[in-house]
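Along the sequence shown, the residues carry numbers beginning at 1. All values below were derived from every heavy atom in this structure, side-chain atoms included, with hydrogens, water molecules and symmetry-related copies excluded.
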Amino acid sequence: MTSRPLAAATVQLHEGYVPGTPQNAVATPIYQTSAYRFSSLTEARELFALRATGNIYSRNGNPTQAVLERRIAALEGGVAAAAVASGQAATAVATLALAGRGGHIVASSSLYGGTVDLFDDTFRDLGIEVTFVDQDDIEAWRAAVRPSTRAFFAESVANPVAQVLDIPAVAEVAHAAGVPLVIDNTVGTPSLIRVKDHGADIVVHSATKFISGHGTSLGGLVVDLGTFDFAADPAKWPSLFEPHWRYGDVALWDAFGRSTAFTTLIKSRFVADLGPALSPFNAFQLLEGLETLDLRMARHTASALEVARFLDSHPTVKVVHHPGLESNPHHAAGARLYPKGVPSVFAFELAGANGETNEQAFSRAERLIERLEVVTLVANIGDARTLVCHPASMTHGHMTPAQLEAAGISWASLRLSVGLEDPTDLIDDLRAALDALV
């Protein structure tokens, strides 16, 4: 660094490292740094003004994260992606960027409970209204559209009752209304379905789930599929088309174009201002999981169908909500949209006496879960381990009785996320617990 002798306090900070030195590692390195050295003040000025691309500060992005973004964008067939701290953050920043001030969203009533909380509580306080509709009722989607509508939102396969969304039909209604269709593809994953091929425009993921695959790291992703033409009605999207002082009085669309304007808006405004940054270490772990996604999904889906068929045959089970079963109302849609197999997250409902109270149903579910030895009680999905939860009291516990009913959830419902264990062991574990209920 210098020919002059340096004090120990200086040496302990600087010796042995030269920023930007290539090391030829085959695996993506973890760039575990909060900030980056600039080669000059001019370079710093250009980066901060978004007139040049590069590393500024890890709240805005980091090189490990950039690899994850490029990889997931390629898998989804998108033009750009933004990685954030969690799936909830991905849903929040994507829909905030679309809705803007006073916007309106039409959403499926069959959503993860945390998404319902976000849309029905927090967004309402922010002046963003959300209308929930039966996702199978195409006319309900059409009837819910307002002049202020800015997005449609649904899950590719709903958590937890596994309704298969008719993506092409909903996309057609969204595009007729001049708004993008946002799909949460956490459960479907790009390994089982490329929602772009069926009409979706923007994808969000809780990468915490199947992309990670091991239940160790939080992360979320937003992918712009490049299919929606925001320029067809610029007045709807002032954040993209109006010059803004933060960007040197230049409009993001003019500066970045169709390929990266939307994800630049998410990163430069909503992630930078609100702070849901993905850590470099978590980005690395998500990349590690992503490398085996298609292998794991093949095992997940095959095992889940075996488990579902067993549950469907057991006398203590009232109904199994798995689209792979021929009796399921979404079986045809599942076979059409998911030729590699339908996802491995689904619910089943325990049989109970007529007039059973919620507390009685909860007690029966609790007795079952207490007897499980392999299947684990966890509020997560997409893990290598098989997980069970009771949605009405856990993941969807803030929803009203009417919202639970609209989502197909009762107090006798249990959600399974089938993991990578031997399916015979899973079936034996469930059989022993269910037999004890008889």
Open item on the list: Donor-acceptor pair, distance only, cut-off 3.5 Å: does the side chain of R59 make one with the backbone of A272?
Closed with: yes
Task: Beyond-backbone contact of L350 with L434, side-chain heavy atoms, under 4.5 angstrom - done: yes
Task: Minimum heavy-atom distance V130-A107, with the two atoms named - done: CG1-CB, 3.8 Å
Open item on the list: Could you check whether any side-chain N or O of H322 sits under 3.5 Å from a backbone N or O of G324, counting only pairs where one atom can act as donor and the other as acceptor?
Closed with: yes
Task: Flag, side chain of N282 to backbone of G219, donor-acceptor distance under 3.5 Å - done: no
- [ ] Say whether S110 and Q163, considering side chains only, have a donor N or O and an acceptor N or O under 3.5 Å apart.
- [x] yes
- [ ] Mark yes or no for whether T301, through its side chain, and M297, through its backbone, hold a donor-acceptor pair below 3.5 Å.
- [x] yes
Task: Polar side-chain atom of K196 near backbone of V203 as donor-acceptor pair, under 3.5 Å - done: no
Open item on the list: Using modelled atom types and a 3.5 Å cut-off, is there a donor and acceptor pairing between side-chain atoms of S206 and backbone atoms of T186?
Closed with: no
Task: Least distance between heavy atoms, I266 atom then A97 atom - done: CG1-CB, 4.1 Å
Open item on the list: So, taking the atom named CG in L221 and the one named CG in L290, what distance separates them when rounded to the nearest 0.5 Å?
Closed with: 8.5 Å
Open item on the list: Using 0.5 Å steps for rounding, measure from the NE2 atom of H300 to the CG atom of L305.
Closed with: 15.0 Å
- [ ] Give the C-alpha distance, both sets of side-chain angles, the deciding distance and a yes or no for side-chain hydrogen bond (donor to acceptor under 3.5 Å, both in side chains) between D136 and H330.
- [x] CA-CA 10 Å; D136 294 333; H330 296 92; 3.0 Å; yes
- [ ] Find the distance between NE2 (H244) and CG (L265) and round it off to the nearest 0.5 Å.
- [x] 9.5 Å
- [ ] Go through the steps to decide whether F348 and H321 satisfy the test ring-ring contact (aromatic ring centres under 6.0 Å, His included), and finish with yes or no.
- [x] CA-CA 6 Å; F348 65 97; H321 299 288; 9.4 Å; no
Task: A90 versus V204, closest heavy-atom pair with distance - done: O-CG1, 3.8 Å
- [ ] Just do the salt bridge (Lys or Arg N to Asp or Glu O under 4.0 Å) check on R309 and D312 with the steps written out, would you?
- [x] CA-CA 5 Å; R309 285 172 174 160; D312 194 45; over 6 Å; no
Open item on the list: Working to the nearest 0.5 angstrom, can you tell me the gap between L426 CG and L416 CG?
Closed with: 8.5 Å
Task: Set of residues satisfying side-chain hydrogen bond (donor to acceptor under 3.5 Å, both in side chains) with respect to Y338, sequence neighbours excluded - done: none
- [ ] Would you give the length of the straight line joining atom OG of S303 to atom CG of L420, rounded to the nearest 0.5 angstrom?
- [x] 7.5 Å
- [ ] For R296 and F210, indicate whether the former's side chain and the latter's backbone hold a donor-acceptor pair under 3.5 Å.
- [x] yes
Task: Contact check, side chains of F262 and F256, non-hydrogen atoms, under 4.5 Å - done: no
Task: All pairs passing side chain to side chain donor-acceptor pair (under 3.5 Å) where residues 411-431 contributes a residue, at least two apart - done: N159-R415, T386-E421, S410-S413, D422-T424, D428-R431
- [ ] Ignoring hydrogens and angles, tell me if any N or O in the side chain of K340 forms a donor-acceptor pair with the backbone of L192 under 3.5 Å.
- [x] no
TODO: Taking T95 for its side chain and T91 for its backbone only, find out whether a donor-acceptor pair lies under 3.5 Å.
DONE: yes
Open item on the list: Quick one, P160 and I409 - any side-chain contact, counting heavy atoms below 4.5 Å?
Closed with: yes
Open item on the list: Just so I know, are the side chains of T189 and R194 near enough to count as touching, which here means a heavy-atom distance under 4.5 Å?
Closed with: no
Open item on the list: List the residues meeting ring-ring contact (aromatic ring centres under 6.0 Å, His included) with Y31, not counting sequence neighbours, and say none if there are none.
Closed with: none
TODO: Go through N55 and R37 one step at a time and tell me if the side chain to side chain contact (heavy atoms under 4.5 Å, CB included) criterion holds.
DONE: CA-CA 9 Å; N55 300 312; R37 180 188 291 182; over 6 Å; no
Task: Side chain to side chain, Q403 and V116, heavy atoms closer than 4.5 Å - done: yes
Task: Heavy-atom donor-acceptor pair, T227 side chain to A200 backbone, under 3.5 Å - done: yes
TODO: Could you grab the distance from atom CD1 of I183 to atom NE2 of H205, nearest 0.5 Å is fine?
DONE: 10.5 Å
- [ ] If a pair satisfies side chain to side chain donor-acceptor pair (under 3.5 Å) and one of its residues is in residues 252-272, list it, with sequence neighbours excluded.
- [x] E69-K267, S239-R269, Y247-S268
TODO: Keeping to residues at least two apart or across chains, list the ring pair (Phe, Tyr, Trp, His ring centres under 6.0 Å) pairs with something in residues 118-152.
DONE: F119-F123, F119-F153, W141-F152
Open item on the list: For the OH atom on Y57, are there more than 12 heavy atoms of other groups (residues, nucleotides or ligands in this structure) within a distance under 6.0 Å?
Closed with: no
TODO: For residues L240 and P234, determine if any side-chain heavy atom of one lies less than 4.5 Å from a side-chain heavy atom of the other.
DONE: no
Open item on the list: Does E405, at its CD atom, have more than 12 non-hydrogen atoms belonging to other residues, nucleotides or ligands within less than 6.0 Å?
Closed with: no
Task: Nearest heavy atoms of Q135 and S108, plus distance in Å - done: OE1-OG, 2.8 Å
TODO: Hey, could you give me each pair passing salt bridge (Lys or Arg N to Asp or Glu O under 4.0 Å) that has a residue in residues 149-176? Not counting sequence neighbours.
DONE: D166-R336
Task: Geometric class of the F228/H175 ring pair [parallel <30°, tilted 30-60°, perpendicular >60°] - done: tilted
- [ ] Please report the closest heavy-atom contact between T64 and P280, naming both atoms and the distance.
- [x] CG2-O, 3.7 Å
